[in-house]
Amino acid sequence: MTTPLLKVENLRIALAGDGVTYDAVENVSFEIGRGEAFGLVGESGCGKSITALSVMGLLRRPLSLAGGRIILDGKEIQNVSAAEMRRLRGKRIAMIFQEPMTALNPLSPVGRQIAEMFVLHEGANWNEAMDRAEDALRQVRVPSPERRIKDYPHQLSGGMRQRVMIAIALACGPDLLVADEPTTALDVTVQAEIIDLMAELCAAKGTAVLMISHDLGLVANMCQRVAVMYAGRIVESQVADAIFATPTHPYTQGLIDSLPRLGERARRGRQKLSEISGVVPSIANYPAGCRFNPRCPAVTDVCRTIVPEATPLPADGVVRCHHHG
Amino acid sequence: MAEPLLSLDDLAVHFKVGNALAGGIKTLKAVDGVTLDVKPGECLGLVGESGCGKSTLALAIMGLLPPTRGAMNVDGQQISGATPPDRMKMARTVQMVFQDPYASLNPRQTVRRTLADPLRLHGITDKAEVEARVIDMMAKVGLRPEQADRYPHEFSGGQRQRIGIARALILKPKLVLCDEPVSALDVSIRAQIINLLLELKDEMGLAYIMISHDLGVVEHVSDRVAVMYLGRIVEQGGWQEIFENPRHPYTRALIAAIPDPFHRAAISADAKARGEIASALNPPSGCHFNPRCPLKADICTAEYPAFGEVSPGHRAACHFRDRVG
Amino acid sequence: MLLVLGRRLANIIPTMLAVVALVFLLFSVLPGSFISGMNEDGRSTIDPAVMERMRKEMGLDDPLIERFAKYVAATATGDLGISFRTREPVTKMLAGRIWPSLKLVLAAMTFAILVGVTLGFLAALKPGSLIDTAAMVGAISGLSLSQFWFGLMLMYLFALKLQWLPSFGYGDGGLRNLILPAIALGVGPMALLARTTRAAVLDVLNADFVRTARSKGMSERRVVEWHVLRNALVLVITIVGLQFGSLMGQAVVVEKLFAWPGVGSLMVDSVFQRDMPTVQGCILMIVLFFLVINTLVDLAYVVIDPRIRYR
Amino acid sequence: MSLALKLPRLRLKGGTSLWVGGGLVAIAISSAILAPWIALTDPVLDANLMNAELPPSWEFPFGTDAQGRDIYSRIVWGARVSLSVGIISQICNSLIGVTLGLTAGYWGGWWDDLVSGLTNLMLAIPSLVFALAIMAILGPGLVSLVIALGLTSWSYSCRIARAQVLSLKSQGYIQAARILGYGDLRIMFTQILPNILGPLIVIATLGMGGAILAEAALSFLGLGIRPPFPSWGSMLSEARDQITTAPWLSVFPGLAIFFTVLGLNLLGDGLRDYLDPQSTTRRG
């Protein structure tokens, strides 16, 4: 197995409360091969976004990297100097965010915000950078880019702004694109277009993708491998098709059965949706042992006390449950 | 054929936008001629993306927004221009469940007062009866009596939505309008609320208008479905008709845009819509969907299509409604 | 751009008209009471003949609408009536005093902006540091100072004790006489600008687009230069505009303290001498000051923030 | 009246500003109430030219003025005037401002335009200048001072109340109340007002500080309470002529004003943090 592009090993992120620190993310490990699309799925507050931010080295108070290693192309980057990390950001690993409305500087034309990448990383002068920005806009299929580069963010729709974000991120041909819920704020039809665009451009440029989302279907459709996160831990990670065909962890099974899916009612008539009882725990009161135990239908005493070990599954899959499968 | 509980006839809600000096006054046709009925005990699914006017339509039906044109009739009573006594009767007939659980409850009011005040307002002053109905309604939505004296910030998102539902049902209405009731909730507790809404519908013989952009939810709960685009209904029919035999390209695009991990692609991928959602301020000429429609022809830009019948109870506003599919 | 300028200047007129109407209501409709009942214990200190002349001069007996129309017409053409005390046209009395007042207010505002905004920025860039706490404690103290007392203390320390600066008066209009009044007047707005700038910069630093800028591999210095600065400025400008109003008000007291020959001190003297036309003239002049400066600040806002230009 | 609409929050540790501010205000108010007991001499009658202009000493902690009256006692008695003017005029401002702002924000339409026009008009005239104009008409004295201050700075609370109502109006629970048949007044006073009390209390507290500064300024100009009764501003006005010979005459009343207003400003900041600690994060 060639060395993976990105290898995250027992990542631990601490949240400093007043007087006490919590483990927002605990021994999270995964690998992304060169050009591969890897999905990280979970509900709000499960720690998926801060995992992405830690890979970019963008964690800020009260969050901090408390342990584990982040290895990019064989080299540890979790505690390199700020200057060196800056050289990686945008050049080797890039990121796009969820809120297209607020992710761009409202007072600066979009063209200039793309051109900044070329000035920063390739020492281009501003005119040359603006021309390349125009090409970048054309690549993300923004209509009449020569006019649009002068527009301000508030003059573009949500979908357009997300295309600008993608143009910015892929400007310097990074090896890895971290996408934190890129289409959650967009409408369904626009979401489909943006996902297709991202997949197409990353495939063409050989860019690997770390896709963060709460939509299991969306991630399974776009990524080769998927990891499911719950309350700061990866509970299951498999090849995309296997996640839906043979979900192993009770949480994954619960998620898949609880969501109404198209065509289901026509085939089997309206069934009562299978519920996952209880509520999503907040960081301050994560239960002991397996953090899903209060809501798990197959809970036993061991689940309430001992944190389950990672047991391997076929095709490099892994699951953390005392009664898996 | 039971008398319809709610009937809208060519309902329109227009807004004046901009001011006389800067760029003149334009009219935003948020809702532009909607005709539909809801029979007692029936669930009508209302589907559409942002900017299609479904929330404006909801506010107009609830009497919170004065309609610019058209008539609204609830249980044989005209809504627009309702006098205070009519509004009280309206309150006992039509109620609403809101999208954002964190904004739909008065933070300074206990659950008991949120449920008891409307009863007292509507003439039920006997203490014992008020108390009994409050506790009974709380039990119906899955809340324990001792939670009655708690404040909203002490509840999770899902529990708050239950309180919102209890408040909507406390006056025993006949029709409940649910505006995206689960889209703001954590994925794993959506099923709890969907099942609850369906149980209460059967138990209390309620009619629902279910507004959602999530087609999976709409297919699961609706008896009939209406699809809205730029303030108008473009397709309407029984749920099986709409999801298995959609005849309007926009409906097909909505279905095609949903990631389909089970590869049950009833609709081929090329039915996906292209480009951006048009603005309701200056809609495209002819059929509003033509700039994004894969089947676009000259007639589409020339003339707005009739809302013709495809089969009994199934209508679509498209020149090629018979050829599609 | 000119359209925006025209529109902004145009809406001074309705406000000015409203102020003229309000002043007219206050001074021409109500004074019946004040002319007769001169002071609290009911004795009228002005002999009847003078009072009759004042009534005639103010035309108190003509119908209301007619008096109002005459008043507006006169004010529009710059004729603010005759001063009871000096018998001179009020406009002439005001003319000489506009520049000293303007100079004082502008000096105070410059001091407030330079010191306040810089302090606010430094405090925001190092939250929780010594500079941050010191700046904010200084700011809230500045807000709690009564400007005339602070001026009195400055006068005592720098003018009387150390004798570095003249204690009061306009002198030859030079800088030496301007320093103490400007600092006394500017301390309040300076404190407020420090706090507002700090809040604005902190808000911007936490904005999503700053996180995007960092994700592009920019140094923190360049993030501030290219993205934070301008956005924070936009937020601060709105406060500068608002601040001018209260600055005009405070100037009245500071001018009186430093015997500064401005519109403010004239107004105070006129209030004491019951010289109503002059008081009215001073109010209209101060409001005109405020509206013009406020519009200029508004225009700076439009220039910087493209979202306004396109609305 | 140096007061802004959106005062930033101080990062003092926990409720420090709340406690320090509360403490200072408590001292000021208690000294005003207990004046007869804690003052050494009668502020007006004990004029004894023998000990005119004595520097601060054990007998006269803050020294004596030109008529030989004890400055400390006059400050303690003066607190009654300054505080009462500040509190009463701010209550008037708040009542006028909140009622106008609440109704304008909720009903909108022509009433909202009228109130907004009036507010912009009031903001165009600096409140101290407007107060001065009213004093010119009503003549000097305590009552006209309260009226002048009470009528000229309600525009801040009005704008805050209106902005709060506009942001709450689209919230679910307000719409739900209307759908349940609640009348407008019931909605305004049971659903909206309780939820906007926090920011209004903060503005009222800060406004009180501003009102005390304004009273001091007007009294300094000689328009406040008639001598010989003491108010902090009038004491400063009298002390100005002896600035060289008896500087302590101006120092202590000034400090009294400063610490009271500082207390109110700190209390306002502390209240904002206390009432709405995660205001940005929760709405962010």
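Residue numbers begin at 1 in each chain, while the letters A, B, ... track the order of the sequences. Reckoned from all heavy atoms, side chains included, excluding hydrogens, waters and symmetry mates.
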Segment of [X] engaging chain B (4.5 angstrom heavy-atom cut-off):
{"X": "Asp196(A)", "value": "side chain"}
{"X": "Ser277(A)", "value": "backbone"}
{"X": "Arg141(A)", "value": "neither"}
{"X": "Leu186(A)", "value": "neither"}
{"X": "Met160(A)", "value": "both"}

Please look at [X] and chain A and tell me whether the side chain, the backbone, both or neither of the residue comes under 4.5 angstrom of a heavy atom of that chain.
{"X": "Ile194(B)", "value": "side chain"}
{"X": "Ser50(B)", "value": "both"}
{"X": "Gln192(B)", "value": "both"}

Residue from Gly159(A), Ala192(A), Pro260(A), Ser258(A) scoring the most non-hydrogen pairs under 4.5 Å with chain B is Pro260(A)
Return the option, out of Gln191(A), Arg265(A), Lys272(A), Met222(A), with the maximum number of heavy-atom pairs under 4.5 Å with chain B. Arg265(A)
Salt bridge or not between [X] and [Y]? Use side-chain N to carboxylate O under 4.0 Å.
{"X": "Arg320(A)", "Y": "Glu236(A)", "result": "no"}
{"X": "Glu181(A)", "Y": "Lys48(A)", "result": "yes"}
{"X": "Glu193(A)", "Y": "Arg163(A)", "result": "yes"}

Any non-hydrogen side-chain atom of Tyr251(A) less than 4.5 Å from a side-chain atom of Val228(A)? yes
Do you see a donor-acceptor pair shorter than 3.5 Å between the side chains of Glu49(B) and Thr189(A)? yes
Check whether the side chains of Glu99(A) and Thr102(A) place a donor and an acceptor atom closer than 3.5 Å, and report yes or no. no
If you measure from CG on Leu254(B) to CD1 on Ile258(B), what distance do you get to the nearest 0.5 Å? 7.5 Å
Could you check whether the rings of Tyr152(A) and His154(A) sit parallel, tilted or perpendicular, using 30° and 60° as the cut-offs? parallel
Among Val187(B), Asn195(B), Asp186(B), residue most engaged with chain A (heavy-atom pairs, under 4.5 Å): Asn195(B)
